[in-house]
Undergrad: 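I'd like to ask some things about the structure below.
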Amino acid sequence: MNDCSPTLGAIYAKWQEKGLFDCHPESDKPAFSIVIPPPNVTGNLHIGHALNYSLQDAICRYKRMKGFDVLWQPGTDHAGIATQMVVERMLAKEGVSRHDLGREKFLEKVWEWKAQSGGQIVNQLKHLGCSCDWRRERFTMDEGLSAAVRKVFVKMYKDGLIYRDKRLVNWDPKLQTAISDLEVVQKETVGKMWYFKYPLEGDASKFIMVGTTRPETLFGDTAVAVSDQDERYKDFVGKNVLIPIINKPIPVVTDEHADPEKGTGAVKITPAHDFNDFEVGKRHNLPLVNLLTKEAKLNENVPEKYRGMSPLEARPIVLEDIKALGLYDHEEDNPMTIPYGDRSDVIIEPWLTDQWFVDTSKLVGAAVDAVQKGDTKFIPDSWENMYYSWMENIQPWCISRQLWWGHQVPVWYGPDGKIFCEETEEEAKAAAEKHYGAATELTRDTDVLDTWFSSGLWAFSTLGWPNENDEHLKKYYPTSVLITGFDIIFFWVARMMMMSMYAMKQVPFKKIHLHGLVRDEKGQKMSKSKGNGIDPLEMCNKYGADALRFSLLIQEGSGRSVLMSEARVENYRNFTTKIWNAVRFCEMNECKKVEGFDLASVKLPVNKWIITKLSEAADTIAKWLDTYAFNEASNALYHFMWNTFCDWYLEAIKNIFYSDDEGAKAETRAVVAAVVDEMLKLVHPFMPFVSEELWDKTADRKEMLMETAWPALNAYEDKAVAENQDWIFNLVTTVRSVRSSVNIPAAAKITLKIKDATDAQHQNVESNAAILKSLAKVEDIQFVTETGAGEVAQVVDGMTLLIPLAGLIDVAKEKERITKDLQNVQAFVERTKAQLANAAFVSKAPEQVVADKRKALADSEQDIAKMQEVLKLLGA
RNA sequence: GGGCGAUUAGCUCAGCUGGUUAGAGCAUAUGCUUUACACGCAUAGGGUCUGCGGUUCGAAUCCGUAAUCGCCCACCA
């Protein structure tokens, strides 16, 4: 916590020292809890993390201010594959492989690494301002969390939900482990389809032609399948054909898998190397011939000349050999997808092994029901459909990994292979003794679990489970909301739902807010290879964490992508600077906090106006944050702060500060100080550092900004006064606009004449004369009954504004300007008249709509008359 | 092949249950060295709301359809 900014570091340290991040299970405040999506312990903060954590921090800070007892539960994930790879790479530099060390020593090295350089990301989170309860930091390999893993595994095993099976799995030959379906990414390529002949056994003149994308697997063929509807191959069914090269006879079988429409209608069946063929093999009791080693090299089941080659190396040689035999027919280009490992980026092979599976089909029911009942709500809810459809088509989850780093499967085998699944070795031994009638030597299963298995328990394992009496578990579970990226909805969200419904009989979180991906300015995914990444820490250093956070927050809505570029961060850095300068201005004008000042005593309309606007902004921002619409909330804050507070309010009160009305000055100073205080509270969830720093700078405080309550100012709102004030500001804009369009020099003071003002308008202008004069650069305001020559005119709200220009007026231009204006209003009047003449509209539309139209029509007609009057004077 | 989402100003997006003379930020133009801020202030220009059809007194908003783009899932002998 130093390379961001010493000041920010100090503020962060102070929050932490005061215990402001801590949860208080003993308090009677209502709970609000979030578990962090645990970053990999190997991780470095990237921009996607920055988005995810900024959202959570904003919500947590806001909820604290709203009176909740907040727990933001932090921690890291042991990240089986990633971590093992990191440590292996480190060892490789010393010329050591993990196999040189052996499992136990290697795991020691991993823990050493973790102690020294693991979890850097936790410190990086602090740079962002994350207000996690760090006392409660957890790691998925902690003893408590590991106990949770063992307990759930054993329970699932005993409930028949976890089983061991020999079947085809996705095998990663680089990492040499099985991986789950989700960890396989399909890449589009244009491959080839090769066609060649399988001669009929005993009659080489007859043959079946097959097409295949993987000719090198023919050594593992154990049948050729055709459709029972396919006349072409009727005579072959039940007979044998010979595998080219090795001349091994295999049967021709009929199977639904063979589609007469595709290829030649005949399929070679390689049950040990293709998922579909595996199923065909099962239906026909075909033998399984495994051709690959765990490195995915051809093994002893292929002729010697091919052994040790990779499938891709063997393929052209096999094809040459088929050609040499005269069995080759032709080839075609074939668009296809090839499976790759998401971590290793090598081709994944279906491979026959013993693995552990979760029978997810038995878990999905409760997980789906919970969402259908609304116990967990998706935000945005469009994700629910995707969740349902994935759940409905769920496949068994392969949870075993042939790695060393991870939760070792709590399974021991007896000498006869009997399985003892228990939470501890002692229990397993006891069970074995009972089973065999004597103490028996057991060997432990060497597999570890898929990292997502432990992540699936994260929402309750971090809160103390399996200790059901843990006060944190009791108070904070189910958690209030999970905030995470939609990309891990299946990996994590769905699994958490299943695991939680199974182990806890409760949902893990009541809401789930799914946010989009961070992309570059052009909407492209950020990647190292493209070099279009944005480093969040660099942005923090250059522009401050607040600017980075805000540029992320203001874009996050409806789960859409968040586009990032340095220019955007820079842009919102300007916003932090603006706040800084505004507060500085207030200080310079001696706006000091007045103890005991009662906002209800405020008299000046402009002050009542800002208080009303502030109150409205507090409610609006709260409303949006409550619905996780971070973009809307951020926009509301930006608009209030910059537009309402700086551009209007501070400009409007300058004339008070420069006047000698001490009473008005005193009231305004007190109001400014109070408004700044409340405004900083609104800023705080979004930009905690700058707001806290200004809070500290502007007064002697008993409490830090972070621990203050969210503004509740509805009692001080005065909507009527605020509306009048809005009208005055609109009038200012109108005058400025006229000035600009007739090129009155910016610095020139003008006289403003107002004709046909109503009493209310007159009064409003009178009481805001000073503001009007200073903001519109008006020297003198006069209420008149006649228009004079040489005056620029503008009709607004039934009044005619007149600005004498001492003969400088360009009559032709004036006519054009007013005529254009007039035409717009006339067009509106025509439309509205037509609408009101429509009997169907008048009878069917709501009364209020019709009344509003009538009023607008009348007003516009009045304005038209005044414009025509002006034009007449111009000599039209 | 199945599903989902998007299409509104030059760019990025608001516009919730149909009634606004369709908004914001950025960018652009013009004018401002106004004693908080040029990382600023003021003003302005800019949109037949992707096309077509329908429902309705009334459609950016609802329905259908087409096109384009994006994403997810499945399959590809």
Side-chain angles (χ1 to χ4, degrees), chain A residues 186 191 193 195 210-214 217 224-225 257-259 262-270 274-277 280 334-337 380 382-383 385-386 389-390 393 486-487 489-490 516-517 521-523 543 547 554-555 557-563 565 567-568 570-589 627 629 631-632 635 638-639 642-643 646-647 650-651 654 658 732-733 736-741 743-747 774-777 824-825 827-829 831-832 835 838-846 848-850 852-853 856 860:
Chain A
Q186 304 288 342
M193 174 88 85
Y195 291 87
V210 301
T212 179
T213 55
R214 302 203 60 182
T217 63
V224 169
H257 174 57
D259 181 348
K262 286 188 188 166
T264 63
V267 198
K268 68 194 262 313
I269 301 299
T270 322
D274 181 283
F275 290 103
N276 284 312
D277 292 3
V280 177
N334 184 42
M336 56 194 287
T337 55
S382 51
W383 293 109
N385 284 333
M386 195 172 284
S389 73
W390 189 72
N393 299 306
F486 70 83
D487 51 322
I489 185 166
F490 304 139
L517 253 46
E521 192 66 357
K522 293 176 198 130
Y543 305 104
I554 201 165
Q555 282 196 79
S558 307
R560 70 174 59 249
S561 294
V562 170
L563 306 191
S565 65
R568 282 182 194 252
E570 195 182 347
N571 188 232
Y572 292 109
R573 184 275 318 267
N574 295 352
F575 182 45
T576 62
T577 309
K578 184 75 181 179
I579 298 174
W580 190 269
N581 282 320
V583 172
R584 197 157 63 100
F585 169 81
C586 300
E587 278 185 299
M588 287 168 64
N589 286 285
T627 52
N631 55 342
E632 299 287 1
N635 262 315
Y638 189 91
H639 182 259
W642 202 307
N643 208 251
C646 291
D647 291 344
L650 292 186
E651 294 305 321
K654 277 179 181 172
Y658 303 153
V732 169
T733 301
R736 283 169 172 173
S737 180
V738 174
R739 291 179 59 121
S740 169
S741 63
N743 296 321
I744 295 173
S774 70
L775 294 187
K777 296 246 167 51
N824 281 337
V825 183
F828 173 72
V829 165
R831 264 200 312 277
T832 311
Q835 209 171 6
N838 183 343
F841 170 70
V842 178
S843 63
K844 292 191 181 176
Q848 190 57 50
V849 172
V850 178
D852 288 350
K853 286 281 176 197
S860 296

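Source: prediction; values computed, not measured. Just so we're on the same page: letters track the sequence lines, and every chain starts at 1.
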Undergrad: Write down the distance separating the P atoms in B/A66 and B/C4, rounded off to the nearest Å.
TA: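 Roughly 14 Å separates the two P atoms.
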Undergrad: Under 4.0 Å, counting only non-hydrogen atoms across every strand here, what does A/T733 touch: a base, just sugar-phosphate, or nothing?
TA: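 It contacts sugar-phosphate atoms only.
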Undergrad: Please pick, from B/G25, B/U21, B/C37, the nucleotide with the shortest atom-to-atom distance to any side-chain atom of A/S860.
TA: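 Taking heavy atoms from C-beta onward, the closest nucleotide is B/U21.
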Undergrad: Which nucleotide in the set B/A36, B/U21, B/C57 lies at the smallest distance from any side-chain heavy atom of A/N838?
TA: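 Nearest nucleotide to the side chain: B/C57.
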Undergrad: Of the candidate nucleotides B/C26, B/C41, B/G19, which contains the atom at the shortest distance from the side chain of A/F841?
TA: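 Among the listed nucleotides, the one closest to the side chain of A/F841 is B/G19.
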Undergrad: Measuring only the P atom in each nucleotide, how far is B/A24 from B/A42? A whole number of Å is fine.
TA: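 Result for the P pair: 13 Å, nearest Å.
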Undergrad: Using both distances under 3.5 Å as the test, list the Watson-Crick or G-U wobble partner of B/A42, or none.
TA: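 Per the H-bond distance test, B/U30.
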Undergrad: Categorize A/P335 for me: base, sugar-phosphate, or nothing, with a 4.0 angstrom heavy-atom threshold over every strand shown.
TA: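 The residue A/P335 makes base contact.
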Undergrad: Considering only atom P, compute the distance from B/G5 to B/U17 and round it to an integer number of Å.
TA: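 My reading of the P atoms in B/G5 and B/U17 gives 14 Å.
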Undergrad: Any idea which of B/C73, B/G19, B/U21 is nearest the A/F490 side chain?
TA: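 Between B/C73, B/G19, B/U21, the one nearest the side chain of A/F490 would be B/C73.
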Undergrad: Any side-chain N or O of A/K844 below 4.0 angstrom from OP1/OP2 of B/G19?
TA: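 So the side-chain polar atoms of A/K844 never come under 4.0 Å of the phosphate oxygens OP1 or OP2 of B/G19.
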Undergrad: Does B/U55 have a Watson-Crick or wobble mate here (both distances under 3.5 Å), and if so which one?
TA: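 Pairing partner, where one exists within any strand: none, as none qualifies.
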Undergrad: Are side-chain N/O atoms of A/N574 and A/E570 paired as donor and acceptor at under 3.5 Å?
TA: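 Looking only at side-chain atoms, A/E570 and A/N574 do not form any donor-acceptor pair under 3.5 Å.
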Undergrad: Quick check for you: among B/A36, B/C72, B/U43, whose closest atom lies nearest to any side-chain atom of A/S740?
TA: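 Ranking B/A36, B/C72, B/U43 by closest atom to the A/S740 side chain puts B/U43 first.
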Undergrad: Please tell me if A/K853 has a side-chain N or O lying less than 4.0 Å from either OP1 or OP2 of B/U20.
TA: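 Answer yes for this pair, as a side-chain N or O of A/K853 is under 4.0 Å from OP1 or OP2.
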Undergrad: Nearest heavy atom decides the nucleotide; on that basis, is A/D647 or A/R584 closer to the 5' end of RNA chain B?
TA: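 Closer to the 5' end of RNA chain B: A/R584.
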Undergrad: Expressed as a whole number of Å, how far does the C1' atom of B/U7 sit from that of B/A14?
TA: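 Rounded to whole Å, the distance is 15 Å.
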Undergrad: B/C32 and B/G25: how far apart are their P atoms, nearest whole angstrom?
TA: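 That atom pair is separated by 23 Å.
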Undergrad: Under a 3.5 Å cut-off for both distances, is B/A60 Watson-Crick or wobble paired, and to whom?
TA: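 Answer to the pairing question: none, since B/A60 forms no Watson-Crick or G-U pair.
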Undergrad: Taking the basic N atoms (NZ, or NE/NH1/NH2) and the acidic carboxylate oxygens, is any pair closer than 4.0 Å for A/R584 and A/E587?
TA: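 No salt bridge links A/R584 with A/E587.
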Undergrad: For a quick test of reading the model: is some side-chain N or O of A/N393 closer than 4.0 Å to OP1 or OP2 of B/A74?
TA: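 Result: no.
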Undergrad: If we take the P atom in both B/G31 and B/C72, what is their distance in whole Å?
TA: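 The same atom, P, in both gives a distance of 50 Å.
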Undergrad: Rounded to whole angstroms, how far apart are CG on A/L775 and P on B/A42?
TA: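 Atom-to-atom, A/L775 to B/A42, this comes out as 10 Å.
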Undergrad: With heavy atoms under 4.0 Å as the rule, sort A/R568 into base, sugar-phosphate or nothing.
TA: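 Result for A/R568 = sugar-phosphate.
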Undergrad: At 4.0 Å (heavy atoms only), tell me whether A/F575 reaches a base, stays on the sugar-phosphate, or touches nothing.
TA: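 No contact.
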Undergrad: Mind calculating the distance between CG (A/N743) and P (B/A42) to the nearest angstrom?
TA: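 So the CG-P distance, A/N743 to B/A42, works out to 19 Å.
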Undergrad: Check every atom of B/C41, B/A36, B/C39 against the side chain of A/T577 and return the nucleotide holding the closest atom.
TA: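 Nearest to the side chain of A/T577 among the choices is B/C39.
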Undergrad: For the side chain of A/A840, starting at C-beta, report the closest nucleotide among B/C57, B/C39, B/A36.
TA: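 The answer is B/C57, which lies nearest to the side chain.
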Undergrad: Ring of A/F585, cation from A/K654 - is the NZ or CZ under 6.0 Å from the centre and inside 45° of the axis?
TA: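 Ring-cation test returns yes.
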Undergrad: Is there a donor-acceptor pair closer than 3.5 Å between any side-chain N or O of A/R560 and the backbone N or O of A/G516?
TA: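 Flag not set: sc A/R560 to bb A/G516 has no pair under 3.5 Å.
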Undergrad: Classify the side chain of A/E651 versus the base of B/A42 as yes if they form a donor-acceptor pair under 3.5 Å and no if they do not.
TA: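 Such a pair does not exist between side chain and base.
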Undergrad: Do the side-chain N or O atoms of A/W383 get closer than 4.0 angstrom to the phosphate oxygens (OP1, OP2) of B/G5?
TA: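 For A/W383, the contact criterion (side-chain N or O under 4.0 Å from OP1 or OP2 of B/G5) is not met.
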Undergrad: State whether A/S389 places a side-chain N or O below 4.0 Å from either non-bridging phosphate oxygen (OP1 or OP2) of B/G2.
TA: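 For B/G2, OP1/OP2 do not have a side-chain N/O of A/S389 under 4.0 Å.
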Undergrad: Checking base pairs now: Watson-Crick or wobble, both atom distances under 3.5 Å. What partners B/C69?
TA: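 Because both required distances fall under 3.5 Å, B/C69 counts as paired with B/G5.
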Undergrad: By the 4.0 Å heavy-atom rule, please label A/T832 as base, sugar-phosphate, or nothing.
TA: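 Touches nothing.
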Undergrad: For the P atoms, the ones on B/G18 and on B/C13, what distance do you get once it is rounded to whole angstrom?
TA: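 Per the computed distance, 26 Å lies between those P atoms.
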Undergrad: Can you tell me if the side-chain N/O atoms of A/R736 get under 4.0 Å from OP1 or OP2 in B/U34?
TA: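 Looking at the OP1 and OP2 atoms of B/U34, neither is under 4.0 Å from any side-chain N or O of A/R736.
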Undergrad: Check every strand shown and say whether A/Y658 touches a base, only sugar-phosphate, or nothing at a heavy-atom separation below 4.0 Å.
TA: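 Contact class for A/Y658: sugar-phosphate only.
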Undergrad: The side chain of A/N571 is closest to which nucleotide in this list: B/C26, B/A36, B/U21?
TA: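 Among the listed nucleotides, the one closest to the side chain of A/N571 is B/C26.
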Undergrad: May I have the distance from A/F585 (atom CZ) to B/C37 (atom C1'), rounded to whole angstrom?
TA: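 These atoms are roughly 11 Å apart.
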Undergrad: Answer whether the closest heavy-atom distance between the side chains of A/F486 and A/M386 falls below 4.5 Å.
TA: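 Sidechains of A/M386 and A/F486: no contact.
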Undergrad: Any side-chain heavy-atom pair from A/C646 and A/I579 closer than 4.5 angstrom?
TA: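 Not touching, per the 4.5 Å side-chain cut-off.
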Undergrad: Can you check the distance between B/A67 and B/G23, where both ends of the measurement are the C1' atom (answer in whole Å)?
TA: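 Straight-line distance between the two C1' atoms is 28 Å.
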Undergrad: Quick one: sort the A/F575 and A/Y638 rings into parallel, tilted or perpendicular, breaks at 30° and 60°.
TA: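 It falls in the tilted class, 30° to 60°.
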Undergrad: Which nucleotide in the set B/C13, B/U12, B/A36 lies at the smallest distance from any side-chain heavy atom of A/Q555?
TA: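 Ranking B/C13, B/U12, B/A36 by closest atom to the A/Q555 side chain puts B/U12 first.
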Undergrad: By nearest nucleotide on RNA chain B, pick out whichever of A/A856 and A/N589 is the more 5' one.
TA: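 That would be A/A856.
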Undergrad: Restricting to non-hydrogen atoms, name the atom on A/V829 and the atom on A/S860 that form the minimum distance, rounded to 0.1 Å.
TA: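 Looks like CG2-CB, 3.5 Å.
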Undergrad: Looking at B/C37, does its base get a donor-acceptor pair with the side chain of A/K578 below 3.5 Å?
TA: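 Side chain to base: pair found, below 3.5 Å.
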Undergrad: Using Watson-Crick or G-U wobble geometry with both distances below 3.5 Å, tell me the partner of B/C13, or none.
TA: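 With both distances under 3.5 Å, B/C13 matches B/G23.
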Undergrad: For A/C586, report the nucleic acid contact type (base, sugar-phosphate, nothing); a contact means any heavy atom under 4.0 Å.
TA: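 The residue A/C586 makes no contact with any strand.
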Undergrad: Side chain of A/E632: nearest nucleotide among B/A36, B/G19, B/A14?
TA: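 Within the option list, the nearest is B/A14.
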Undergrad: Indicate whether any N or O donor in one side chain lies under 3.5 Å from an N or O acceptor in the other, for A/T576 and A/K578.
TA: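 Distance-only check fails for A/T576 and A/K578.
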